[in-house]
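Any value given below was found using the heavy atoms of this structure, including those in side chains, with hydrogens, waters and symmetry copies removed. Quantities reported herein were computed from a predicted structural model and do not represent experimental measurements.
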Amino acid sequence: VPPEGELEAKKVRLEFYKDDAVDALMVTDECRYDRTAGTARSESPVRIEKTGILITGKGFECNVKDQKVQILSNVRVVLDHPRKQKEKGK
């Protein structure tokens, strides 16, 4: 396999690290990875899980080096613990 160019991957699992531990997990059925640019993209459904948050959608572009992901359509965000507002005087 040449060290440059694009690869097509199936059943993809990307792990994003912070302080030497998995901080977020992204899964999709398929994507294309450009090894030269360090980017991945797909038109398939995508799911991103992080403590307290779940993000789903269709299609994505990802800069692997910067760990930045843009979901392209049908984005849905679910928070495990909605923010509770403090009541004054209590």
Side-chain angles (χ1 to χ4, degrees):
V1 176
E4 302 164 341
E6 285 194 352
L7 292 174
E8 184 174 346
K10 304 282 185 186
K11 303 292 182 192
V12 177
R13 174 187 170 106
L14 293 175
E15 295 177 345
F16 295 91
Y17 288 82
K18 182 177 180 181
D19 300 326
D20 296 325
V22 175
D23 183 51
L25 172 66
M26 183 170 82
V27 294
T28 187
D29 290 335
E30 62 84 24
C31 80
R32 296 200 59 86
Y33 177 62
D34 183 327
R35 292 175 288 170
T36 304
T39 58
R41 69 181 185 283
S42 177
E43 295 179 10
S44 295
V46 61
R47 177 183 182 99
I48 300 173
E49 299 175 19
K50 186 174 176 166
T51 302
I53 189 167
L54 169 65
I55 305 168
T56 59
K58 185 161 192 246
F60 71 89
E61 294 177 353
C62 175
N63 183 317
V64 177
K65 294 174 187 173
D66 294 340
Q67 297 190 358
K68 293 183 180 179
V69 177
Q70 178 181 11
I71 297 177
L72 302 177
S73 64
N74 300 328
V75 179
R76 182 170 182 226
V77 177
V78 177
L79 302 175
D80 284 345
H81 303 287
R83 182 177 172 207
K84 294 182 180 181
Q85 296 182 359
K86 292 182 179 180
E87 295 181 32
K88 290 186 177 181
K90 293 188 177 182

Can you get from Leu54 to Val69 by hopping between Ile, Leu, Val, Met, Phe, Trp and Tyr side chains that sit under 4.5 Å apart?
no
Criterion side chain to side chain contact (heavy atoms under 4.5 Å, CB included) on Leu72 and Glu61, from CA distance to verdict:
CA-CA 8 Å; Leu72 302 177; Glu61 294 177 353; 4.3 Å; yes
Cluster membership besides Leu25, Ile/Leu/Val/Met/Phe/Trp/Tyr side chains within less than 4.5 angstrom, sorted by chain and number, is Val27
Residues 41-48 side chain polar contacts: donor-acceptor under 3.5 Å, at least two apart:
from: Arg41; atom 1: NH1; to: Glu6; atom 2: OE2; distance (Å): 2.9
from: Arg41; atom 1: NH2; to: Glu6; atom 2: OE2; distance (Å): 3.1
from: Ser42; atom 1: OG; to: Glu30; atom 2: O; distance (Å): 2.6
from: Ser42; atom 1: OG; to: Glu30; atom 2: OE2; distance (Å): 3.2
from: Ser42; atom 1: OG; to: Ser44; atom 2: N; distance (Å): 2.9
from: Ser44; atom 1: OG; to: Glu30; atom 2: OE2; distance (Å): 3.0
from: Arg47; atom 1: NE; to: Glu49; atom 2: OE2; distance (Å): 2.7

Anything under 3.5 Å between a donor and an acceptor, one on a side chain of residues 11-23, the other on a protein residue two or more places apart or in another chain? List them.
from: Arg13; atom 1: NE; to: Glu15; atom 2: OE2; distance (Å): 3.1
from: Arg13; atom 1: NH2; to: Glu15; atom 2: OE2; distance (Å): 3.0
from: Glu15; atom 1: OE1; to: Tyr17; atom 2: OH; distance (Å): 2.6
from: Asp23; atom 1: OD2; to: Lys50; atom 2: NZ; distance (Å): 3.1

With hydrophobic residues grouped by side-chain heavy-atom distances under 4.5 Å, do Met26 and Val77 end up in a single group?
yes
Looking only at heavy atoms, the pair that brings Phe60 and Cys31 closest together is CZ-CB, 3.8 Å
Spacing of Gln70 atom CD and Asn63 atom CG [to the nearest 0.5 Å]:
11.5 Å
Between atom CD1 of Ile71 and atom OG1 of Thr56, what is the distance when rounded to the nearest 0.5 Å?
7.0 Å
